[in-house]
Amino acid sequence: QVQLVESGGGLVQAGGSLRLSCAASGRTFSSYVMGWFRQAPGKEREFVGGISWSGDGIYYAESVKGRFTISRDNAKNTMYLQMNSLKPEDTAVYYCAADRDHRTIVAVLSHEYEYWGQGTQVTVSS
């Protein structure tokens, strides 16, 4: 069992930056693929990016590529999402998730992830 807690959300102006953290409990964090998803009001939850267990494999959605950076520190059981050049359309609740069935393949579909955090709100004003 893995418990995930996101933090770092808030209100920022367009063009600004935020760094989200996802703290995980449990000894098996380092063996899971981890992902970030987001959900805006009235929209489906969408994949933002994901990272393999070692951090060697990272995959981003086209909408955030070049602006967002995912990393993880397995010694600290924590994953990060550095968000730069934020846009109003990035406004959403951001969730981290863990995929216990994969170590290297980053899934883009939410149903592939078994564990989820409670989410953290990111609001980007224009």
Side-chain angles (χ1 to χ4, degrees):
Q1 189 78 8
V2 175
Q3 293 184 328
L4 305 173
V5 179
E6 303 95 338
S7 61
L11 173 65
V12 64
Q13 288 188 331
S17 298
L18 281 175
R19 188 174 85 151
L20 305 184
S21 298
C22 173
S25 65
R27 294 175 293 174
T28 52
F29 168 82
S30 61
S31 63
Y32 295 165
V33 162
M34 298 293 296
W36 285 102
F37 288 78
R38 66 186 181 185
Q39 188 166 19
K43 294 189 176 181
E44 297 287 321
R45 187 170 298 190
E46 66 172 352
F47 175 78
V48 174
I51 186 168
S52 66
W53 74 276
S54 65
D56 290 341
I58 305 176
Y59 183 74
Y60 297 98
E62 284 298 321
S63 59
V64 306
K65 196 174 292 184
R67 300 187 298 122
F68 290 11
T69 302
I70 295 173
S71 61
R72 68 190 294 167
D73 185 338
N74 288 339
K76 296 182 178 179
N77 277 10
T78 304
M79 176 179 64
Y80 305 96
L81 179 65
Q82 177 67 43
M83 305 185 293
N84 298 329
S85 302
L86 282 162
K87 305 175 181 179
E89 51 264 44
D90 293 318
T91 295
V93 177
Y94 283 71
Y95 300 89
C96 67
D99 178 358
R100 69 184 179 193
D101 294 330
H102 296 96
R103 288 168 58 86
T104 58
I105 299 172
V106 175
V108 301
L109 298 177
S110 60
H111 70 254
E112 296 283 355
Y113 293 79
E114 290 76 23
Y115 305 110
W116 291 83
Q118 83 289 348
T120 186
Q121 176 71 47
V122 171
T123 303
V124 184
S125 63
S126 56

Check whether any side-chain heavy atom of Y95 lies under 4.5 Å from a side-chain heavy atom of V48, and answer yes or no.
-> no
R67 side chain reached by M83 side chain, heavy atoms, under 4.5 Å = no
Taking atom CG of L18 and atom CD of Q82, what is their separation to the nearest 0.5 Å?
-> 8.5 Å
Nearest heavy-atom pair of A24 and V2: which atoms, and what distance?
-> CB-CG1, 4.2 Å
Partner of I51 under side-chain contact (heavy atoms from CB on, under 4.5 Å), chosen from I70, V33, D56 | I70
Check: S110 and Q39 side chains under 4.5 Å, non-hydrogen atoms = no
Output every pair passing side-chain hydrogen bond (donor to acceptor under 3.5 Å, both in side chains) with a member in residues 28-37, not counting sequence neighbours, ordered by first then second residue.
-> T28-Y32
Please list, chain by chain and in numerical order, all residues satisfying side chain to side chain donor-acceptor pair (under 3.5 Å) with R19, sequence neighbours excluded.
-> none
Side chains of L4 and W116: closer than 4.5 Å at any heavy-atom pair?
-> no
Is any side-chain heavy atom of Y94 less than 4.5 Å from a side-chain heavy atom of E6?
-> no
Taking C-beta and beyond as the side chain, do E114 and D101 meet within less than 4.5 Å on heavy atoms?
-> yes
Are F47 and E112 close enough that some pair of their side-chain heavy atoms sits under 4.5 Å apart?
-> no
